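Okay, so here's the structure we're looking at.
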Amino acid sequence: MQFELDEDRALLKQSTRELLEKEAPLSETRAVMEDTPEGFSKPFHAQLGELGYPGLLLPEDDGGMGALAFAAVLAEMGRVALPGPFLDLALGVRTLSGCDHEAAARLGERARAGEALVVMARLEDPTRSDPDAPEARFEAGRVRGTKTFVPFGAHADALLVTTREGLALVERPGAGFSATPLPTIDHAQRFAEIAIDEPAELVAEGEAAARLIEEHERLGALGASAGLLGLMERALEITVAYISEREAFGVPIGSLQVLQHRAADMLMQVESSRSAVYRAAWSEEQEPETAAYLTAVAKAWAGAAARYVCGQAIQLHGGVGYTWEYDPHIFLKRTKTLESFYGSTRAQLGRALALRQPTL
Amino acid sequence: MDLHFTPEQIAFRDEVRAWIAENLERPFSLEKRDPKHDADSLVEVRRAWQKKLHAAGYLGMGWPAEWGGRGASEADEALLQAELAAADAPQVPNFLGISLLGPALIHHGSEEQRRRFIPKMLACDEIWCQGFSEPGAGSDLASLRTRAERDGSDWRITGQKVWTTFGLWSDWIFVLARTDMDDRYGGISFFLVPIDQPGVEMRGLKQITGESEFGEVFFDGALAKGDHLVGQVGEGWRIAMTVLSYERGAASIMYPAQFDTQLDGLIRGVHEAGRAERDDVEEKLGRLVVENEVMRGNGLRTLADLAAGNAPGPESSIEKIFWSEYHQRLTDSALDLLGPQGQLVASSPSARDEVDWAYEYLWSRAGSIYSGSNEIQRNIIAKRVLRLPSGK
């Protein structure tokens, strides 16, 4: 038994951390989040594409590195609260590769190189963050329907649209495509509601489409859980640093037992999330029969855990934690987005109960 | 990363599972419900179970072969404990002797002490209790005041110990006592003391469950033979801390296995009560399932760290807090979801069979206090893991 990542993946994790700290530190990306229409750095995402990151979830003989590497990278991106569609793109690349279709393959090549942004459009009811049977239709070579909370949908080059007939690929939209921005509490996220009446290709149908969508949701839940792990890990670090320095009543407030116990509770949430997230990623690679269950467990746990840790990060920073200037709110906001999507905490609790199985 | 047990470990697990199916007549919760039993006869049930485990070679598996060991790893020990817990097997009377005193004697005791005490402890011909905590020294154990004074080549012990598990049924007690009143840590020594003697009075300590599984013991010049000092004078604290660190690890996947069995019972009960479809019930059960599985993930990680040769560090505090507080959430939820039936004590004819919820509900309050209260565990995490500053 061994919990640590093997050498290749540990190396990837380390080099990703160095890349992110150099190219996308929060001190620089905050301006990008606030001042650009797309909310993320296009040059940096192009760089990620050149380095092959969007292809992480591809089969290993096609340059992918597997679920553990995917989780490690997403956790690193969570640590810097990296804005942008990386998770959605990596899932899109993976889904495209699973479609036995020429247009999908062609687009997949561009997407994995960071030259095209392709994301899945699956939600239709803005009151629910978990997809249901779609109303959208693919008929006579066209997709008609309305999708909501499409991640970075207004900036995508193509959408994988879930329809009653299967998975439809809509390339760079024309007149029959309108995107309405949906600003949320996370000002870095660029969700859009998209009305589509466009020519499209049906790239997967029936069982194959259902399997791809299920896999997209499961890997999405894994990636979101890993992102949540990174967010809370970093939120705890900056909080421990802050309360170790900040003085009140003549002592560092981190020496006060009530704050120490709060921080201990935060650490329990973080470390338990680490166990759960990497265990789920490991099962995806090594024990696929438990992957759906363990991923539901990881997502249900990490969502609530990150919400607690990032909320307490604000609390322990005191008044400055409530200011726009300090970073804790960035972590709290991203946490909410990741917690809500790819299976909300509540939905995953139900899934975990339904899928419960012996794991030893 | 690899969370698989080896094929040998899985084979061992299967062997244990089959052995339990063959040898355990019924879960201990049902044993406790049987009106033919009283506290004394339940201890005999436990004793008989320990003898069976011993005969099968399942006690002290990680010890040197001379003392019955079979070179077992922490993972083997953990798998054994998980199987026993899942089957609701009785706890053996000498569990503290085996987890604490055994390692103390093996690592710090004399050859003569090992020969005299270990075989009878393993065979349960002698039951041991632990004399560490005192009324004035619980979480702050080093403030203990029980003292040992020289009497020729022997020692005389005077003071009081409390929370002596199975004290009323014990033959011997291992005691931390002061041989120097001023040296906080270096003034503590480790003694082996027979209970059946004039200077020792053992009393049952009635707990909130109504049982007296714990005791309190009063020493008034009780005799400890000179050759029943473990290690050197003044080494008691170091020995105790070393063996306490062995206490965890093996338990890492035991609690999730035990709680799984209880969760099975709860889910069955909720279905029978026709409440399973309710949204709030699904959410509550889902949360319990998720938390228990996360706990098992933490446990597997601990076992993996142990297998890699990393000693269990302060992170074991996380496990202790997790299982003890989970036990409280689980039983809280059970008594809520099962309605008033959950409150029925085992002697009530309408009580549920699968788990003695009323007992578990009360017993769960002990876990967050014993073995280092959860407040102490949080102090340890804050100071040794997070390295938060000390006060003035």
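Since the model is a prediction, treat every value here as computed from it, not as a measurement. Naming convention: chains lettered A, B, ... in sequence-line order (proteins, then strands); numbering from 1 in each chain.
The contact between B:D260 and chain A is made by backbone and side chain atoms together, counting heavy-atom distances below 4.5 Å. Interface remark: B:E375 contributes backbone and side-chain atoms alike to the contact with chain A (heavy atom separation under 4.5 Å). Heavy-atom distances place the side chain of A:Y293, and not its backbone, under 4.5 Å from chain B. Contact annotation for A:T345: only side-chain heavy atoms (C-beta onward) come within less than 4.5 Å of a heavy atom of chain B. Residue contact with chain B, scored on non-hydrogen atoms closer than 4.5 Å, is absent for A:I253. Residue B:L300 touches chain A through both its backbone and its side chain, counting heavy-atom pairs closer than 4.5 Å. For B:K284, no part sits under 4.5 Å from any heavy atom of chain A, backbone or side chain. Heavy atoms of A:R279 lying under 4.5 Å from chain B belong to its backbone as well as its side chain.
Ranking A:E285, A:Q286, A:R274 against chain B, the residue ahead of the rest is A:R274, based on heavy-atom pairs under 4.5 Å. Contact tally against chain B (heavy-atom pairs below 4.5 Å) for A:M268, A:H261, A:Q257: the top residue is A:H261. In terms of heavy-atom pairs under 4.5 Å with chain B, the best-connected choice from A:L259, A:V240, A:L5, A:T359 is A:T359. Among B:A308, B:A307, B:G297, the residue making the largest number of heavy-atom pairs under 4.5 Å with chain A is B:G297.
Across every non-hydrogen atom of B:R287 and A:A304, the tightest pair is NH2-CB, 3.7 Å. In terms of heavy-atom proximity, A:S244 sits nearest to B:P389 at OG-CD, 3.7 Å. Heavy-atom minimum distance, A:Q2 versus B:L3: O-CD2, 4.3 Å. Between B:L386 and A:A264, the shortest heavy-atom distance links the atoms CD1-N, 3.9 Å. Between B:V289 and A:A352 the shortest heavy-atom distance is CG1-O, 3.9 Å.
The CG atom of A:L294 lies 9.0 Å from the CZ atom of B:R296; values are rounded to the nearest 0.5 Å. For the atom pair CZ of A:R262 and CG of B:L388, the computed distance is 13.0 Å after rounding to the nearest 0.5 Å. Expressed to the nearest 0.5 Å, how far OG of A:S275 lies from CD of B:E319 amounts to 8.5 Å. If you take CG on A:L349 and CD on B:E291, they are separated by 9.0 Å, rounding to the nearest 0.5 Å.
When side chains are defined from C-beta on, A:L353 does not count as touching B:L288, because their heavy atoms never get closer than 4.5 Å. A 4.5 Å side-chain heavy-atom check between B:D264 and A:R356 finds at least one atom pair inside the cut-off. With a 4.5 Å cut-off on side-chain heavy atoms, A:E287 and B:H4 count as touching. The side-chain heavy atoms of A:D6 and B:M1, taken from C-beta on, include no pair separated by under 4.5 Å. Side-chain contact between B:V290 and A:K299 is absent, with no heavy atoms from C-beta onward closer than 4.5 Å. Proximity of B:D2 to A:W282: side-chain heavy atoms (C-beta onward) are separated by under 4.5 Å at one or more points. Side-chain contact check for B:I381 versus A:D265: every heavy-atom pair is 4.5 Å or farther apart.
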message: Working note: A:Q260 + B:N379, criterion side chain to side chain donor-acceptor pair (under 3.5 Å); need CA distance, chi angles, decisive distance, verdict.
response: CA-CA 7 Å; A:Q260 293 197 340; B:N379 286 350; over 6 Å; no

query: Yes or no on side-chain contact (heavy atoms from CB on, under 4.5 Å) for B:D279 and A:R346, after CA distance, side-chain angles and deciding distance?
result: CA-CA 10 Å; B:D279 193 63; A:R346 177 63 187 84; 3.0 Å; yes

- request: Determine, step by step, whether B:E282 and A:R351 satisfy the salt bridge (Lys or Arg N to Asp or Glu O under 4.0 Å) criterion, reporting the C-alpha distance in whole Å, the side-chain angles of both residues, the deciding distance to 0.1 Å, and the verdict.
  value: CA-CA 10 Å; B:E282 185 196 59; A:R351 275 177 71 76; over 6 Å; no

From CA spacing to verdict: side-chain contact (heavy atoms from CB on, under 4.5 Å), B:L303, A:F3: CA-CA 9 Å; B:L303 288 179; A:F3 184 78; over 6 Å; no

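Note: A:W301 and B:F322 have parallel aromatic rings, judged against thresholds of 30 and 60 degrees for the angle between ring planes.
With a 6.0 Å radius and a threshold of 12 heavy atoms from other residues, nucleotides or ligands, A:R246 has its CZ atom at or below the threshold. Around atom CD of A:E289, more than 12 heavy atoms belonging to other residues, nucleotides or ligands sit under 6.0 Å away. Within a 6.0 Å sphere centred on CD of A:Q357, heavy atoms belonging to other residues, nucleotides or ligands number more than 12. For CD of B:E272, the number of neighbouring non-hydrogen atoms (other residues, nucleotides, ligands) closer than 6.0 Å is greater than 12.
A salt bridge does not link B:R301 with A:E4: none of the charged nitrogens is closer than 4.0 Å to a carboxylate oxygen.
B:N298 and A:E271 share no side-chain donor-acceptor pair at under 3.5 Å.
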